[in-house]
Amino acid sequence: MEIQAFQHADSIWTWPSSKSGKLSLWLPYFDRVEPARTREKDCFRFVYKGGEVSIPLKRVEFIMLYGASGYLPVEFLDRLSVYRIPLMIHRRNMPSPYLFFPDTGADPRDVLSQQILYRANQIRSVYIAKTLIAARFRSMEYLIPVADSVYQKLARYRSVDEIRRLEAEVTARYWGAFYTRLDLDEEVIRRDRSHPVNKALDAASYFVSGLILRWVLFHKLSPEHGYLHVQTSYPSLVFDLIEPYRYLFEQAVLEAHPQGGLTEGDWLTAKSIGYLKETLEEPAYVPITRQTVRKKNLLHGGVMALRAYLIGDMARLVIPVEGKKQGGRPVKVSFRMPGGLKE
């Protein structure tokens, strides 16, 4: 792979996702893509504002084009399908990104049918939504206390609407504490989507959602059929599965925000993404599988957990999250996350 010129301040270039060397690409203000002048098979040259990158598709896992204004040849899209590479195109004035899904082939376990059946079953769909939101609440406890009574109330609920109302109440407290930590006026900032903090949060969210989308497609799930987010007009399942892990990029924005306030040259988005990438490479211990993995593997583990529950390999949905080593009988899970680290 060859990278020329400089990195754009609001962009991600490449990010290794595994020891095999595969990369996720986020290219800012995309202009064009064309076959690279090289003997290497299916090597393409991407040109964007600030530079260019040439890379063979066999080394790519996911591509996001941010602020794209150029063109995409059909030949290139055909090759993405061959290599099963998802493509996301997003601009700031778009309510949701374009998503190109490759054909991932047949699944002998038919997880897709189970996903739809569980979604139509109110008891099961509400259970999945509650499990995801409970994990989200626990992830907020680094910043706000969440009382036991909140979890008890969540356990009693029998509809997604009730769950979402409770989520809104707790999340409002969380964002109040979040913006207070940054010495910002929550009432002003929450309404201003052009504020650097909100732009950094949005950019980091799209980065993480792109990684989850990769694994959703890999495991033959439908991105548009979620349980907590129920609309099928966007990848709702991806935004379901991001809930337990939002803290990863929210904490990155907190860390990147300078003390004393922002100045014009602070490039908060670029710094937040930089911290996020570093965070995702850090090791974390996962109690339910008794593994130490890099934090980016938690995103894959969440998809694996849902798949195991849908196909009946597990009687309960158990979300893999980081924690401390503890004694006692381990939780019975039917999967282990790839990329385990030696301790």
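Heads up: numbering here begins at 1 and tracks the sequence.
Judged by distance alone, the side chain of Lys220 and the main-chain N or O of Val111 form no donor-acceptor pair under 3.5 Å. For the pair Arg119 (side chain) and Gly226 (backbone), a donor-acceptor distance under 3.5 Å is present. The main-chain N or O of Tyr48 is never found under 3.5 Å from a side-chain atom of Glu52 such that the two would form a donor-acceptor pair. The closest donor-acceptor contact from the side chain of Gln114 to the backbone of Leu310 lies under 3.5 Å. A distance-only check finds no donor-acceptor pair linking the side chain of Asp42 to the backbone of Arg79 [under 3.5 Å]. With hydrogens and angles ignored, the 3.5 Å screen pairs no side-chain donor or acceptor of Glu61 with any backbone N or O of Ile85. Remark: side-chain polar atoms of Ser139 are not paired, donor with acceptor, to backbone N or O of Tyr245 under 3.5 angstrom. Of the possible donor and acceptor atoms, one in the side chain of Tyr151 sits under 3.5 Å from a partner among the backbone N and O of Arg138.
Met304 and Pro338 get closest at one heavy-atom pair: SD-CD, 3.8 Å. Taking all atoms of both residues into account, the shortest heavy-atom contact from Leu228 to Asp240 is N-OD2, 3.1 Å. The two residues Ser272 and Ala200 come nearest to each other via the heavy atoms OG-CB, 3.8 Å. When every heavy atom of Met88 is checked against every heavy atom of Tyr206, the shortest pair comes out as SD-CD2, 4.2 Å. Closest approach of Phe249 and Ile242 over heavy atoms only: CE2-CD1, 3.9 Å. In terms of heavy-atom proximity, Pro244 sits nearest to Ala135 at CB-CB, 3.7 Å.
Screening residues 290-319 for ring-ring contact (aromatic ring centres under 6.0 Å, His included) gives Tyr118-Tyr309, Tyr127-Tyr309, Trp215-His300, His219-His300 as the qualifying pairs, with residues at least two apart or on separate chains.
Around the CZ atom of Arg173, the shell of radius 6.0 Å holds more than 12 heavy atoms that belong to other residues, nucleotides or ligands. Heavy atoms from other residues, nucleotides or ligands lying under 6.0 Å from CD of Gln122 number 12 at most.
A distance of 11.0 Å separates CD in Glu322 from OG1 in Thr292, rounded to the nearest 0.5 Å. Going from atom CH2 of Trp267 over to atom CD1 of Ile273 covers 14.0 Å, rounded to the nearest 0.5 Å. One finds the CZ atom of Arg336 at 12.0 Å from the CG atom of Asn297 (value rounded to the nearest 0.5 Å). Of the inter-residue distances, the one linking Ile212 atom CD1 with Leu221 atom CG reads 12.0 Å to the nearest 0.5 angstrom. Separation of atoms CZ (Arg307) and CG (Leu112) is listed at 11.5 Å; rounding is to 0.5 Å. To the nearest 0.5 Å, the span separating OG1 on Thr131 from CG on Leu317 amounts to 5.0 Å.
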Exercise. Would Glu282 and Arg294 satisfy salt bridge (charged side-chain N to carboxylate O under 4.0 Å, His left out), going step by step from the backbone distance to the final call?
Worked result: CA-CA 5 Å; Glu282 293 173 355; Arg294 299 194 189 281; over 6 Å; no
Exercise. Run the side-chain contact (heavy atoms from CB on, under 4.5 Å) check on Leu72 and Leu87 step by step: do they pass?
Worked result: CA-CA 11 Å; Leu72 291 170; Leu87 172 68; 3.9 Å; yes
Problem set entry | Arg136/Glu167 under salt bridge (charged side-chain N to carboxylate O under 4.0 Å, His left out): CA gap, chis, key distance, verdict | CA-CA 9 Å; Arg136 168 61 171 160; Glu167 177 202 13; 5.8 Å; no
For this session: Decide side-chain hydrogen bond (donor to acceptor under 3.5 Å, both in side chains) for Thr38 and Glu40; before the verdict, give the C-alpha distance in whole Å, the side-chain angles of both, and the deciding distance to 0.1 Å.
Result: CA-CA 5 Å; Thr38 176; Glu40 195 161 9; 4.8 Å; no
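Side chains of Ser205 and Asp202: a donor-acceptor N/O pair is absent below 3.5 angstrom, by distance only. Side chains of Glu250 and Tyr174: a donor on one and an acceptor on the other come within 3.5 Å. No hydrogens or angles considered: a donor-acceptor pair under 3.5 Å links the side chains of Ser222 and Glu224.
Electrostatic pairing of Glu34 and Arg32 counts as a salt bridge here, judged by a charged N lying under 4.0 Å from a carboxylate O. Between Glu281 and Lys295 there is no salt bridge, since no side-chain nitrogen of the basic residue lies less than 4.0 Å from a carboxylate oxygen of the acidic one.
Both Val146 and Tyr142 are assigned to one and the same hydrophobic cluster, defined by single-linkage of ILVMFWY side chains at heavy-atom distances under 4.5 Å. Tyr275 and Leu143 fall into different hydrophobic clusters, defined by Ile, Leu, Val, Met, Phe, Trp and Tyr side-chain heavy atoms under 4.5 Å apart, directly or through other members.
Residues Phe46 and Phe76 bring their aromatic ring centres within 6.0 Å.
Both the sub-6.0 Å distance and the 45° axial angle are satisfied by Lys325 relative to the ring of Tyr285.
Taking the side chain as every heavy atom from C-beta outward, Tyr247 and Leu254 never approach each other to under 4.5 Å.
Using cut-offs of 30° and 60° on the angle between ring planes, the pair Phe178 and Trp175 is perpendicular.
Each of Thr232, Val238, Leu237 was scored for a side chain to side chain contact (heavy atoms under 4.5 Å, CB included) with Pro235, with one residue passing: Val238.
Scored by the side-chain hydrogen bond (donor to acceptor under 3.5 Å, both in side chains) test, Asp192 finds Ser194 as partners (sequence neighbours excluded).
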